[in-house]
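For ligands, and for the atoms within them, numbers begin at 1 and follow the listed sequence.
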Amino acid sequence: MRDDLTAVLVTEEQIRERLAAMAKQIEADYAGRDLLLVGVLRGAVMVMADLARHLDRHVEMDWMAISSYGSGTTSSGVVRILKDLDTDITGRHVLLVEDIIDTGLTLSWLVRNLSSRNPASVDLCTLLRKPEAQRMAVEVSYVGFDIPNEFVVGYGLDYGERYRNLRCIGTLAPAVYTSDTRGEHGPSADR
Ligand code: PRP
């Protein structure tokens, strides 16, 4: 898998160090308050698992699965819930955990949706953010890395459901998607 990358943007070590630092900040910010981590399937699985294990405090974890309507080439911002939370978040402090904020459309919809359920607070934590791609202003409390507007895979991020289990984050070699015979249309069709 590693050989399919043209460049490593964020190493395994950098991810570990950054998540540890973000966890320290989260511990300080939520001291004395309960905390519910909400992960957005599927990309956030790795971030959620590692961030949570860096937190030296009690947390609950829940998951949502969503699907974006649209042309298939870009996020539309219109979202359908495939799996909702099992937790009633009324009065709870919610921290949404994401792998990447790209256009910001998904997260801005999610924040609005969760805020309508009367939580005590809703905040965002993302490992990656693409400032150049952002179309919707989203206030993010915890950002791991700002990255260029390039298609990236690894550490939860996929290309055609592959590469999620790569330990680092990198850019795919064009040969991977030009030779793809599984009906994929290249990174621009994905994220
Ligand atoms: C990714 C990511 C966010 C969304 C961000 O999910 O996990 O949920 O895209 O994009 P946006 O800022 O442009 O809205 P994706 O749709 O790739 O699904 P996945 O997590 O199952 O891979």
Side-chain angles (χ1 to χ4, degrees), residues 1 4-5 9-10 15 18-19 22 36-52 61-86 89 94-116 122-172 176-177 180 182-191:
M1 277 192 298
D4 291 346
L5 301 182
L9 288 189
V10 191
I15 294 170
R18 189 72 192 106
L19 286 181
M22 290 162 78
L36 173 68
L37 302 178
V38 170
V40 186
L41 296 170
R42 301 173 205 168
V45 167
M46 309 298 178
V47 186
M48 182 79 145
D50 287 340
L51 178 72
M61 286 179 262
D62 202 348
W63 300 90
M64 288 183 80
I66 58 175
S67 157
S68 280
Y69 288 113
S71 63
T73 55
T74 52
S75 298
S76 64
V78 182
V79 174
R80 185 165 54 111
I81 296 177
L82 302 178
K83 183 224 169 285
D84 207 340
L85 296 174
D86 294 321
I89 62 169
V94 176
L95 184 59
L96 261 170
V97 177
E98 264 289 17
D99 50 341
I100 190 164
I101 296 180
D102 194 335
T103 62
L105 292 168
T106 308
L107 265 291
S108 67
W109 185 92
L110 265 176
V111 168
R112 279 200 308 279
N113 181 285
L114 295 184
S115 298
S116 72
V122 179
D123 285 277
L124 297 181
C125 173
T126 185
L127 181 66
L128 304 174
R129 179 174 62 181
K130 288 183 178 174
E132 294 160 34
Q134 219 162 312
R135 288 168 49 195
M136 190 70 99
V138 187
E139 200 175 310
V140 191
S141 302
Y142 310 96
V143 180
F145 302 93
D146 279 323
I147 59 167
N149 189 16
E150 291 172 17
F151 185 82
V152 291
V153 295
Y155 200 72
L157 296 155
D158 73 305
Y159 168 58
E161 293 305 324
R162 292 181 175 182
Y163 302 99
R164 290 194 199 272
N165 56 325
L166 200 58
R167 287 173 176 267
C168 61
I169 292 162
T171 48
L172 264 188
V176 174
Y177 45 87
D180 197 316
R182 292 170 299 134
E184 298 285 349
H185 305 290
S188 61
D190 242 334
R191 193 172 46 246

Asp50/Tyr155 under side chain to side chain donor-acceptor pair (under 3.5 Å): CA gap, chis, key distance, verdict: CA-CA 11 Å; Asp50 287 340; Tyr155 200 72; 2.5 Å; yes

Asp62 side chain vs Asp86 backbone, donor-acceptor pair below 3.5 Å: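 Checked: pair present.
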
Under 3.5 Å: donor-acceptor pair, side chain of Lys83, backbone of Trp63: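 Yes: the side chain of Lys83 pairs with the backbone of Trp63.
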
Residues Asp4 and Tyr159: side-chain donor-acceptor under 3.5 angstrom: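 Asp4 vs Tyr159: no donor-acceptor pair found between side chains.
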
List ligand 1 atoms under 4.0 Å from [X], heavy atoms only on the residue side.
X: Glu98; answer: 2 (C), 3 (C), 7 (O), 8 (O)
X: Thr103; answer: 11 (P), 12 (O), 13 (O), 14 (O)
X: Asp158; answer: 22 (O)
X: Ile101; answer: 12 (O)
X: Ile100; answer: 2 (C), 3 (C), 5 (C)
X: Leu41; answer: 20 (O), 21 (O)

Proximity to ligand 1 by part of Arg164, non-hydrogen separation under 4.0 Å: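 It is the side chain that touches ligand 1; the backbone stays farther off.
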
Part of Asp99 with heavy atoms under 4.0 Å of ligand 1, whether side chain, backbone, both or neither: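 Near ligand 1, Asp99 shows its side chain, while the N, CA, C and O stay back.
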
Qualifying residues under side-chain hydrogen bond (donor to acceptor under 3.5 Å, both in side chains), relative to Ser141, sequence neighbours excluded: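 Applying side-chain hydrogen bond (donor to acceptor under 3.5 Å, both in side chains) to Ser141 gives Asp123.
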
Residues Arg42 and Glu161 bridged, charged N to O under 4.0 Å: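 Glu161 and Arg42: salt-bridged.
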
Sub-4.0 Å heavy-atom approach of Gly104 to ligand 1: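 The answer is yes: ligand 1 sits under 4.0 Å from a heavy atom of Gly104.
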
Among Ile169, Leu9, Leu128, side-chain contact (heavy atoms from CB on, under 4.5 Å) partner for Phe145: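 Only one option passes, and that is Leu128.
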
